[in-house]
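Computed from heavy atoms alone, side chains included, the values below leave out hydrogens, waters and symmetry copies. Positions are given from 1 along the sequence. Since the structure is predicted, the reported quantities are computational estimates derived from the model, not experimental observations.
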Amino acid sequence: MGELANNREEMTGAWAIKADGQDCVSLVDACKAQGINFIYMAEDTVIPEECDVYVASIGEFKNQSGEAASRASIELPTEQIDLLKRLIETGKPVIAVLFNGRPLAIPWVADNVHAIVEAWHPGVEAGNAILDILFGIINPSAKLTTTFPYSSGQCPVYYAHTNTGRPGGKSKFTSKYLDTPLEPVYPFGYGLSYTTFLYSDLQVRKEHEGIRVSVKVRNTGDRDGTEIIQCYIRDIVAKRVRPVKQLVDFTKIPLQAGVESGVDFLVPYKAMGYYDMSMNYVIEEGEFEIFVGGNSEDCLSSRFWL
């Protein structure tokens with residue numbers, strides 16, 4: 001379903017200025033080439049009941065993002081939400097393939113569809129790459145490099161924000177919204193695969209060159225996969241207000257189903273400093289916090305004194 005499923009020109013994105021869209025493989029092209037039993041519908045019409053699963057191609061056209069293409073509202077168009085609602089009413093599984101050049105505000109989609117494939121504007125082999133993921137030929141491992149808000153009014157929203165003097169809480173006079181959650185729909189670093197990973201036994205110790213951070217990661221699913229382990233740090237108190245989290249390192253490891261592996265980071269002491277008001281780089285004595293996890297929100301944490 002959806003025009004973007006059969007539009008080769010839209011696969012390259014806003015920055016491929018001289019690209020020939022006809023060189024691209026759309027989702028419909030890939031289905032035809034691979035002999036998939038499918039029905040394609042571009043327009044809003046009667047939904048075929050004989051389908052086992054519905055794949056809705058939604059999101060942005062390439063000229064809606066990129067240079068000189070700001071948007072005051074980053075919600076999905078009403079007609080795309082209406083299409084998804086009709087598909088969900090069938091009771092069949094619904095997969096949203098999201099084509100976009102920026103984070104979109106998709107709380108309703110996240111709460112109601114069975115799966116989302118974040119495709120961005122994927123390029124020449126778009127259709128083949130998407131089918132590889134949909135049919136499980138490839139077990140995806142990518143993580144979001146941006147934060148997906150609940151609404152346009154949350155923007156700018158990013159994981160490395162500075163802390164307010166009144167963090168959001170139950171009290172009325174704290175920094176929060178009355179009509180939307182404070183947290184994003186999907187945080188920086190978020191991403192799923194066809195397996196699951198469990199983090200445990202976070203250890204932090206001082207060494208000569210920096211802070212040694214160790215953690216155990218287990219593939220708890222029944223399929224081999226690859227996980228991107230992320231390490232963040234926070235300076236609890238400083239002369240200048242510091243971000244609530246800063247990404248200082250990450251690593252990508254393959255894990256067979258049921259296998260556990262140890263992962264080490266060495267965070268150099270220099271990574272714990274910042275530029276003061278006189279633009280001198282300083283590393284201050286004080287309490288720090290280390291976070292390790294699969295995204296910027298779901299982390300194990302430990303504090304230490306530098």
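Checked for salt-bridge contact, Glu49 and Lys92 miss the test: no charged N lies under 4.0 Å from a carboxylate O. For Glu60 and Arg102, the salt-bridge test passes: some basic side-chain N is under 4.0 Å from an acidic carboxylate O. Using a 4.0 Å cut-off between a side-chain N of Lys or Arg and a carboxylate O of Asp or Glu, Arg212 and Glu207 qualify as a salt bridge. For Arg303 and Glu287, the salt-bridge test passes: some basic side-chain N is under 4.0 Å from an acidic carboxylate O.
Here ring pair (Phe, Tyr, Trp, His ring centres under 6.0 Å) pairs that include residues 201-220, with residues two or more places apart or in two chains, number zero.
A donor-acceptor pair shorter than 3.5 Å cannot be found between the side chains of Asn219 and Glu260. Using modelled atom types and a 3.5 Å distance limit, the side chains of Glu284 and Tyr274 yield a donor-acceptor pair. There is a side-chain donor-acceptor pair under 3.5 Å between Gln203 and Asp201. Asn128 and Gln34 form a side-chain donor-acceptor contact under 3.5 Å, judged by distance and modelled atom types alone. Between the side chains of Thr164 and Ser175, a donor-acceptor pair is found at a separation under 3.5 Å. No side-chain donor-acceptor contact under 3.5 Å links Ser193 and Ser141.
Applying the side chain to side chain donor-acceptor pair (under 3.5 Å) rule to Gln256 yields no partners; only residues at least two apart in sequence or on another chain are considered.
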* Test log, rule side-chain contact (heavy atoms from CB on, under 4.5 Å), inputs Glu227 and Lys252 -> CA-CA 6 Å; Glu227 174 69 335; Lys252 186 174 184 178; over 6 Å; no
* Take Phe291 and Leu202 through the side-chain contact (heavy atoms from CB on, under 4.5 Å) test and state the conclusion after the steps. => CA-CA 9 Å; Phe291 306 85; Leu202 176 63; over 6 Å; no
* **Intermediate values then yes/no, side-chain contact (heavy atoms from CB on, under 4.5 Å), Ile58 and Leu76** => CA-CA 8 Å; Ile58 59 174; Leu76 289 173; 3.8 Å; yes
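Aromatic ring orientation, Tyr159 versus Phe188: parallel (interplanar angle below 30°, classes split at 30° and 60°). Ring geometry for Phe288 versus Phe304: interplanar angle under 30°, hence parallel rather than tilted (30 to 60°).
By the 6.0 Å and 45° rule, Lys62 does not stack over the aromatic ring of Trp15. Cation-pi contact between Lys216 and Tyr199: absent, since separation from the ring centre below 6.0 Å together with deviation from the ring axis within 45° is not met.
Considering Val217, Ile229, Leu255 as possible partners of Ser261, the one that fulfils the side chain to side chain contact (heavy atoms under 4.5 Å, CB included) test is Leu255.
Atom CG in Asn6 sits 13.5 Å away from atom CE in Met41 (nearest 0.5 Å). The CZ atom of Arg166 sits 7.5 Å away from the OG atom of Ser171 when rounded to the nearest 0.5 Å. Going from atom CG of Asn280 over to atom OH of Tyr275 covers 9.5 Å, rounded to the nearest 0.5 Å.
One N or O on the side chain of Gln230 and one on the backbone of Gly189 form a donor-acceptor pair closer than 3.5 Å.
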